[in-house]
Amino acid sequence: MEEFDLRDLWNQQEKDAGQFFEGIAPEVERMARQSSKGIIAKVLRNSRNEMYLTIGLGIFVLFYADFNSTLFWAFVVGNCVAIPISIRLYTRMYHRIKDINQRSIKLALQSKIQIMQRFVKRLQLYTYILLPFGCLLGILANMTAYHIMPIDVPAFLEELGIQLFIALPLMAVIIWFFNKKYIYWLYGKHLEELERLYASLEEE
C-alpha cells in the first residue's frame with residue numbers, strides 16, 4: 001500500500017511539474033522572441049549604418065573631383081565596386097530576416113542564425129577580396145600620378161614590387177583587424193547572443 005501511494009505521489013508531482021512548465025512556456029517564448037528582435041534590430045541598424053557610410057563616402061569624394069587625377073578615378077572605381085556590394089548585403093539580409101514567419105521561436109531563431117552566419121562569412125570573404133584590391137588600386141593610382149608617359153615598364157614594375165612588399169604586412173594587419181575585431185563588434189557578438197539564446201531554449 002505504501003509503495004502504491006508513493007508511486008501515485010511521484011506521478012502527481014510529475015504531472016504538476018509538466019503543467020507548470022506548460023504554463024510558463026508561452027512566457028519563455030515571448031521573452032526569447034523579444035530578445036531576438038532586439039538583437040536583430042541592432043544587427044540591421046549596424047549594417048544599415050555601414051551602407052549609409054559607404055554611400056556617404058562615395059558622394060563625399062565627388063565634391064573633390066579632379067578628373068585629371070588618377071587617384072580620384074581610383075576612388076571612383078573603388079566606390080563603384082563597394083557601394084553596390086554594401087547595398088546588396090544589407091538589403092538581402094534585411095529581406096531574408098523579415099521573410100521569416102515561423103510560429104516556433106526556435107525555428108525562427110535557427111533561420112536567423114543561419115542567415116547571419118552566411119552574412120558574416122560573405123562579409124569576411126569580401127574583406128579578403130576588396131581590401132587588397134583597394135590597396136593595389138591606390139598604389140597603382142599613386143604611382144601613375146608621378147610618372148611621365150610613356151612609363152618605363154621595368155622600372156615601374158620594380159617600384160610596384162617594392163611598394164607591395166612594404167604594403168603587404170600593413171594590409172595583413174588591416175584584414176586581421178576587420179575580420180577579427182570590426183566584424184565581431186558589429187555582427188559577431190550579436191550572432192553569439194542569438195546562438196546562446198537558441199541554446200537556452202534547447203535546454204528549456
Side-chain angles (χ1 to χ4, degrees), residues 13-59 77-135 171-204:
Q13 287 177 336
E14 281 191 329
K15 182 180 178 182
D16 292 342
Q19 290 174 345
F20 171 73
F21 285 114
E22 285 178 6
I24 67 168
E27 181 64 16
V28 170
E29 287 205 358
R30 186 191 67 79
M31 291 174 64
R33 196 178 298 275
Q34 187 175 359
S35 179
S36 166
K37 284 182 178 178
I39 296 168
I40 290 297
K42 292 177 185 176
V43 170
L44 292 176
R45 184 186 65 225
N46 290 342
S47 182
R48 185 175 62 247
N49 289 341
E50 262 198 316
M51 181 184 66
Y52 288 156
L53 179 62
T54 304
I55 296 172
L57 288 174
I59 295 172
V77 171
N79 284 320
C80 287
V81 174
I83 290 175
I85 288 176
S86 178
I87 293 173
R88 176 161 176 76
L89 277 175
Y90 169 72
T91 54
R92 190 173 185 178
M93 181 173 66
Y94 176 84
H95 289 299
R96 285 189 172 182
I97 287 177
K98 292 300 181 183
D99 287 342
I100 294 173
N101 56 5
Q102 286 97 333
R103 294 180 62 185
S104 166
I105 179 60
K106 281 177 62 178
L107 291 176
L109 262 178
Q110 193 175 39
S111 297
K112 290 175 182 178
I113 288 170
Q114 290 171 351
I115 290 169
M116 276 199 63
Q117 285 173 339
R118 287 195 293 268
F119 172 79
V120 169
K121 285 180 180 178
R122 283 197 184 96
L123 208 55
Q124 290 173 332
L125 178 62
Y126 286 134
T127 299
Y128 284 120
I129 296 172
L130 292 181
L131 285 180
F133 170 75
C135 177
M171 182 54 53
V173 172
I174 293 173
I175 290 174
W176 173 86
F177 172 79
F178 267 85
N179 279 332
K180 298 298 182 181
K181 299 296 180 181
Y182 179 78
I183 292 176
Y184 178 79
W185 289 337
L186 289 184
Y187 308 109
K189 63 180 182 180
H190 300 307
L191 176 57
E192 288 180 355
E193 287 182 60
L194 288 178
E195 289 171 341
R196 284 195 295 268
L197 185 58
Y198 180 80
S200 67
L201 282 175
E202 285 278 272
E203 290 174 3
E204 292 295 339

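Every heavy atom of this structure was used, including side-chain atoms; hydrogens, water molecules and symmetry mates were not.
For the atom pair NZ (Lys180) and CD (Gln124), the distance works out to 7.0 Å, reported to the nearest 0.5 Å. To the nearest 0.5 Å, the span separating CG on Leu123 from CE on Met93 amounts to 9.0 Å. Rounding to the nearest 0.5 Å places CG of Leu109 at 5.5 Å from CD1 of Ile113.
Legend: residues meeting side-chain hydrogen bond (donor to acceptor under 3.5 Å, both in side chains) with Tyr52, ordered by chain and number and at least two apart, are absent. With sequence neighbours excluded, no residue forms a ring-ring contact (aromatic ring centres under 6.0 Å, His included) with Tyr198. Evaluation of the side chain to side chain contact (heavy atoms under 4.5 Å, CB included) rule for Lys98 yields Leu44, Tyr94 as partners, not counting sequence neighbours. Taking Arg196 as the reference, Glu192, Glu193 meet the side chain to side chain contact (heavy atoms under 4.5 Å, CB included) condition, with sequence neighbours excluded. Ser86 is linked by a side-chain hydrogen bond (donor to acceptor under 3.5 Å, both in side chains) to nothing, counting only residues two or more places apart in sequence or in another chain. In this structure, Tyr90 has no side-chain hydrogen bond (donor to acceptor under 3.5 Å, both in side chains) partners at least two apart in sequence or on a different chain. For Trp185, the ring-ring contact (aromatic ring centres under 6.0 Å, His included) partners are Phe177, not counting sequence neighbours. Every residue meeting the side-chain hydrogen bond (donor to acceptor under 3.5 Å, both in side chains) condition with Asn179, not counting sequence neighbours, appears here in chain and number order: Tyr128. Annotation: side chain to side chain contact (heavy atoms under 4.5 Å, CB included) contacts of Arg92 (sequence neighbours excluded): Arg88, Arg96, Arg122. Shown here are the side chain to side chain contact (heavy atoms under 4.5 Å, CB included) partners of Leu131, two or more places apart in sequence or in another chain: Thr127, Met171, Ile174, Ile175, Phe178.
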(request) Would you please test Lys189 and Lys42 for side chain to side chain contact (heavy atoms under 4.5 Å, CB included) and show each step? (result) CA-CA 11 Å; Lys189 63 180 182 180; Lys42 292 177 185 176; over 6 Å; no
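Smallest separation of non-hydrogen atoms from Ile97 and Ile40: CG2-CG2, 3.7 Å. Shown here for Tyr187 and Ser47, the closest heavy-atom pair between the two residues is OH-CA, 3.1 Å. Contact detail for Ile55 and Ile83: the closest heavy-atom pair is CG1-CG2, 3.9 Å.
His190 places a side-chain heavy atom less than 4.5 Å from the side chain of Asn46. At least one side-chain heavy atom of Leu197 sits under 4.5 Å from a side-chain heavy atom of Ser36.
A donor-acceptor distance shorter than 3.5 angstrom exists from the side chain of Thr54 to the backbone of Glu50, with no hydrogens or angles considered.
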